[in-house]
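Report on the structure given below.
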Amino acid sequence: MSATSDHQSAEQAAVAQLFSARGDELLRLALLLSGSRPLAEDLVQEAFARLWQRWDNLRDPDAGVGYLRVTIVNLARSSFRRRLLELRHRVVLPAVAEPPDSAGRLDVLGALARLPMGKRACVVLRFYADLSEEETARLLGISPGTVKSQTHRALAQLARLLDEPGAHAGAAASQKQRSVSR
Amino acid sequence: MSDSNVHTGLSEEQARQALRQAVEGVHLSPGSWEAVPRRQRRQRRRRVLAVAANLAIVLAMAGAVTPAIWERLAADRPTATTPAAPPSTKPLSRQERWRQAVAPVGPMRVLASGSFNGKAWQSIAYRTSSGFCQGWNYAGNPGYKPGGNPNPDLLMPPLNGGMGCGEPSWPRPALSIGTSTGVGQPIVASGTVNKNAAQVRIFLHHRGSPAVVTVRPVGQELGLPFNFYVAVLAGTDSVIDAKTVISKAVANDRAGRPIAQADLKGQPSVPPAPHP
């Protein structure tokens with residue numbers, strides 16, 4: 001086997017290993033950002049394919065997860081813009097009934113999906129990816145102050161959305177997540 | 001306002017919990033990895049295509065620009081050239097067509113020059129986008145500029161004393177002859193001649209006695225499929241007056257053999273000389 005193909009298969013093995021180790025976590029991040037399971041999976045695959053393309057330029061293989069996160073956020077942003085365009089021209093299909101056990105989950109995902117992309121990204125990166133305000137700011141290309149204010153507003157908006165009559169009240173777990181009305 | 005409408009928002013801990021529970025148990029579907037190498041290959045192909053397309057554009061642009069740069073660098077005198085008009089579907093006006101036809105695209109070459117009645121004159125030729133122009137430049141006329149006047153807007157003709165333009169591919173005799181005979185201007189015979197000609201001889205009948213003016217072809221550096229000649233018949237040394245007629249012009253090769261002839265015998269070629 002030639003040196004080039006050795007190098008390529010080593011690269012592939014490294015990316016595949018990272019995929020199996022961190023794929024699920026990144027899928028969940030993508031799901032929270034995009035609100036759609038198939039789209040989330042698509043974003044993760046695309047992010048890994050792009051990482052593979054740039055694997056040689058990666059100084060530190062540990063930086064791969066950071067790169068993947070940034071790529072997923074950017075891809076989610078652009079798919080959000082694309083979906084806005086599609087919504088203007090969409091054909092309305094009959095709604096598909098969701099299984100009852102997913103009600104609580106749909107509440108949170110539905111409420112997240114109703115947040116503007118910037119606020120959604122702040123909440124997800126801060127409280128799901130557990131990034132600090134500075135890290136979130138760096139990743140989104142905004143100031144830490146903006147992250148702080150966007151997150152604060154997003155949490156208030158989320159509480160309001162989860163309390164709306166349309167939101168599912170069935171799941172006990174989701175009750176705990178609801179906004180606290182004081 | 002009811003209590004339920006007053007929101008201070010989720011606490012950070014509540015938000016963490018809610019987000020984790022919302023995506024709890026979500027896993028990549030089996031076989032999800034298979035799509036990654038496929039996508040990677042597609043991206044690589046796309047990148048190669050993009051690089052190739054960009055390279056093709058750069059090469060095409062370089063190919064279009066480089067000859068013009070070399071032409072400018074090779075010119076032994078500074079010239080003002082008018083950029084070629086961009087392609088347009090709109091029909092051009094008569095004036096625009098004229099501008100395009102006479103605009104120089106290379107250096108203007110002085111084929112012959114002298115002075116007449118104290119004023120300079122020049123015979124000049126240059127290349128255009130479709131062929132060439134040749135004409136006269138007189139210090140006595142408005143808009144004179146030594147070496148030609150290719151003003152960028154071409155509000156004036158590049159040559160202020162009359163010019164003729166054509167395409168090199170047009171059928172052309174091995175030797176052509178014409179005269180310039182304006183009042184207050186030198187009288188000259190000029191034309192185009194086969195590239196093999198080493199000299200052109202103009203035969204005149206001057207008050208019954210023959211006279212011959214011999215000139216060398218010029219303008220080789222213009223790279224046209226023919227050369228030019230300019231024979232001064234009156235101006236620098238008067239060999240002509242009202243009674244003078246051009247009988248013929250003969251082009252000879254290096255060995256002195258005649259290779260072309262324009263027979264003008266009996267044709268009054270020039271009007272009376274402008275000076276007494």
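Chain A is the first sequence line, chain B the second, and so forth, proteins listed ahead of strands; every chain is numbered from 1.
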Any ring pair (Phe, Tyr, Trp, His ring centres under 6.0 Å) pairs touching residues 8-46 of chain A, not counting sequence neighbours? A:F19-A:F48, A:F19-B:W33
Any donor-acceptor N/O pair, B:R127 side chain to B:P104 backbone, under 3.5 Å: no
Kindly state each residue pair satisfying side-chain hydrogen bond (donor to acceptor under 3.5 Å, both in side chains) with at least one member in residues 17-27 of chain A, sequence neighbours excluded. A:R22-A:E25, A:D24-B:H27
Tightest non-hydrogen contact, residues B:Q122 and B:V110, listed as NE2-CG2, 4.0 Å
Does A:L51 reach the side chain of A:T71, with side-chain heavy atoms less than 4.5 Å apart? no
With chain B as the partner, which of A:L26, A:D130, A:L29 has the greatest number of non-hydrogen pairs under 4.5 Å? A:D130
Considering only heavy atoms and a distance below 4.5 Å, find which of A:E46, A:Q157, A:Q12, A:R153 pairs most often with chain B. A:E46
Qualifying residues under salt bridge (Lys or Arg N to Asp or Glu O under 4.0 Å), relative to A:E11, sequence neighbours excluded: none
Which of residues 43-55 of chain B get closer than 4.5 angstrom to chain A, counting heavy atoms alone? B:Q43, B:R44, B:R47
Are the side chains of A:V65 and A:R69 in contact, using a 4.5 Å heavy-atom criterion? yes
